[in-house]
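Below is one structure; the comments refer to it alone.
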Amino acid sequence: MKKVTRLKDLAEGLNVSITTVSKALNDHPDISAKRKKEILDYAKQMNYMPNQVAKSFRQQKTRLIGVIFSDNTNPFYARVIRGIEDVMFRNGYHCILMNSYEDAKKEAQFIDELRGLNVAGVLLSPAAGRGDSIRLLERYDIPYVLVNRYVEKGKNTYVALDDYMAGYLSAKHLCSYGNKEIFFLNFIPEVSSAKEREAGYRQALKECGIAVRPEWIINGCRNQNDGYEAVKKILETVRPPISIMCYSDNIAIGAVCAIQERRYMLPYDVALVGNDDIALVSFLSPRFTTIGVPKLRMGRKGAELLIERIRAKEKADEMDEECAWEDQQILMRPKLLIRETS
């Protein structure tokens, strides 16, 4: 195994002190231009690579950002993360991606690990609607911003979709079909986005003079398989025409499979609306009606807010003052994209 070149090796090779080498590498004014060039040339010749982790711990700060989402393989989160990475890279930060899979305990463990890495901040989509990790971040004094979800409306700093309006737009559109039964395949009901979309759904049906029946709302749908199983059960007992509103496009993909398996036609027998506008659904046949979400912009804005918060904390720490950061709540506008499933 090739030996890693250390500061000590450079100092011994040049017959100077480790302090002199360190100052030259960090462009310290105490070192002459001639000596600095000599040291830098020798470091390059020896393939010296600075230990950024050790350096950051000595300085009590890193350029690392923790990003904790439920599943970064989800096309929705993949796009949000792209926006985050764009901003962080431009500002000299590096992201550590972690998947909670809606497990609040695992999420709390990640916070502990990130604290051990001395991260500069954390971007978080709280697992299962729980606030445990937020309390942990506050106890550890780690700057954070919530993305895509919040725990309590109007509290903490977050960037999310206006999920109430997303649910309202979807349900109002489905009401126009005149179908008597409008089902809602919802996510985990404790999650803010699921609560708000259900509230929007209920309000739209109320305005249309439709009384919501308990069996129309199917909670706990997380993925394509859940969407498939939920619609399969619906079609065993209910005869179309019906309408189905899905919490996400992922759930809608499974729902469409169940509908087509029973040889029903979209949108004539079943009208369906998804949410998120992931790239795949505009290429499937039929092309999904869905809710457009500015995913890239959501990620970028979350990253920008976190950088602002990190800098505010650093400035307060330098002045030995309490950070005067004021929480901000940003809701992004959804857009109904009418295509071929409704």
Side-chain angles (χ1 to χ4, degrees), residues 53 56-57 59-72 77 80-81 83-85 87-88 91-161 163 188 190-196 298-332:
V53 174
S56 64
F57 273 94
Q59 296 175 344
Q60 290 300 298
K61 63 180 179 180
T62 69
R63 307 293 287 180
L64 298 176
I65 298 294
V67 180
I68 309 176
F69 288 157
S70 57
D71 183 0
N72 64 21
Y77 279 123
V80 174
I81 290 168
I84 290 170
E85 289 181 325
V87 172
M88 289 303 177
N91 286 274
Y93 289 92
H94 305 281
C95 297
I96 301 173
L97 303 179
M98 295 175 159
N99 297 313
S100 70
Y101 300 110
E102 301 299 344
D103 186 331
K105 288 184 178 179
K106 180 180 285 188
E107 187 177 85
Q109 290 174 355
F110 288 156
I111 300 296
D112 281 328
E113 291 175 15
L114 291 171
R115 182 197 183 198
L117 291 171
N118 203 24
V119 293
V122 171
L123 288 160
L124 172 71
S125 185
R130 299 272 296 273
D132 310 51
S133 292
I134 294 174
R135 290 186 286 273
L136 208 53
L137 287 163
E138 290 174 346
R139 188 194 310 166
Y140 294 155
D141 197 26
I142 299 174
Y144 67 90
V145 170
L146 308 181
V147 179
N148 189 46
R149 303 176 186 172
Y150 49 80
V151 173
E152 189 174 339
K153 197 169 187 177
K155 189 176 180 182
N156 308 120
T157 293
Y158 58 76
V159 182
L161 183 70
D163 288 296
I188 301 168
E190 292 79 17
V191 171
S192 63
S193 51
K195 287 180 187 176
E196 293 294 323
M298 183 184 291
R300 286 173 176 163
K301 189 61 182 177
E304 288 166 0
L305 284 174
L306 182 58
I307 290 171
E308 287 177 24
R309 190 166 188 179
I310 290 168
R311 288 173 179 168
K313 181 179 183 299
E314 288 174 348
K315 185 176 179 180
D317 289 346
E318 287 174 8
M319 304 284 289
D320 197 23
E321 296 175 349
E322 187 174 338
C323 184
W325 172 265
E326 292 187 10
D327 284 326
Q328 302 178 51
Q329 294 85 37
I330 297 175
L331 292 181
M332 298 194 158

Side-chain touch Leu123/Met88, heavy atoms, less than 4.5 angstrom: yes
Distance-minimising heavy-atom pair for Cys95 and Glu85: SG-CG, 4.1 Å
field: Whether Asn148 side chain and Ala160 backbone form a donor-acceptor pair below 3.5 Å
entry: no
- line: Taking every heavy atom of Pro143 against every heavy atom of Ala120, the minimum-distance pair comes out as CD-O, 3.4 Å
- request: Decide side-chain contact (heavy atoms from CB on, under 4.5 Å) for Leu305 and Ile330; before the verdict, give the C-alpha distance in whole Å, the side-chain angles of both, and the deciding distance to 0.1 Å.
  value: CA-CA 10 Å; Leu305 284 174; Ile330 297 175; 3.9 Å; yes
message: Do the side chains of Arg149 and Glu102 get close enough for a salt bridge, i.e. N-O under 4.0 angstrom?
response: yes
field: CA sep, side-chain torsions, deciding dist, call: Met98, Val67, side-chain contact (heavy atoms from CB on, under 4.5 Å)
entry: CA-CA 6 Å; Met98 295 175 159; Val67 180; over 6 Å; no
- prompt: Are the side chain of Thr157 and the backbone of Gln328 linked by a donor-acceptor contact shorter than 3.5 Å?
  reply: yes
statement: So CD1 of Ile65 and CG of Leu97: to nearest 0.5 Å the spacing works out to 11.5 Å
field: Donor-acceptor contact present, side-chain Ser192 to main-chain Tyr150, <3.5 Å
entry: yes
- prompt: Does Leu146 reach the side chain of Ile134, with side-chain heavy atoms less than 4.5 Å apart?
  reply: yes
- prompt: Given side chains that start at C-beta, do those of Tyr93 and Leu64 come closer than 4.5 Å, heavy atoms only?
  reply: no
field: Rounded distance [0.5 Å steps], CD in Glu304 versus NZ in Lys301
entry: 5.5 Å
message: Do Arg309 and Tyr144 form a cation-pi contact, if we require the NZ or CZ to be under 6.0 Å from the six-membered ring centre and within 45 degrees of the ring's axis?
response: yes
- line: CZ (Arg139) and CD1 (Ile111) are apart, to the nearest 0.5 Å, by 11.5 Å
- line: Nearest heavy-atom contact between Leu124 and Ser133 is CD2-CB, 4.0 Å
message: Using side-chain contact (heavy atoms from CB on, under 4.5 Å), reason through Lys313 and Asp141 one step at a time and then give a plain yes or no.
response: CA-CA 9 Å; Lys313 181 179 183 299; Asp141 197 26; 3.2 Å; yes
query: Within the distance-only criterion (no hydrogens, no angle test), does the side chain of Gln329 pair as donor or acceptor with the backbone N or O of Asn156 below 3.5 angstrom?
result: yes
message: Between Asp103 (side chain only) and Lys105 (backbone N and O only), is there a donor and an acceptor less than 3.5 Å apart?
response: yes
- prompt: If you look at every heavy atom in Val145 and Tyr158, which pair is closest and at what distance?
  reply: CG1-CA, 4.5 Å
- prompt: Looking only at atom types and distance, does a side-chain atom of Arg300 sit under 3.5 Å from a main-chain N or O of Gly83, one as donor and one as acceptor?
  reply: no
- prompt: What distance separates Glu308 CD from Arg311 CZ, expressed to the nearest 0.5 Å?
  reply: 8.5 Å
- prompt: Would you call Glu196 and Leu161 a side-chain contact if the rule is heavy atoms closer than 4.5 Å?
  reply: no
Between CZ on residue Arg115 and CG on residue Leu136, distance to nearest 0.5 Å: 8.0 Å
query: Nearest 0.5 Å, what's the CG-CZ distance between Asp112 and Phe110?
result: 11.5 Å
message: Restricting to non-hydrogen atoms, name the atom on Val159 and the atom on Met332 that form the minimum distance, rounded to 0.1 Å.
response: CG1-CE, 3.9 Å
query: Any Lys/Arg nitrogen of Glu107 or Arg130 sitting under 4.0 Å from an Asp/Glu carboxylate oxygen of the other?
result: no
query: Between Leu114 and Ile68, what is the shortest heavy-atom contact and its length?
result: CD1-CD1, 3.8 Å
message: Go through it in stages, so that I can follow the logic: the residues are Tyr77 and Ser125, the test is side chain to side chain donor-acceptor pair (under 3.5 Å), and I'd like the CA-CA distance, side-chain angles, deciding distance and then a yes or no.
response: CA-CA 10 Å; Tyr77 279 123; Ser125 185; 3.0 Å; yes
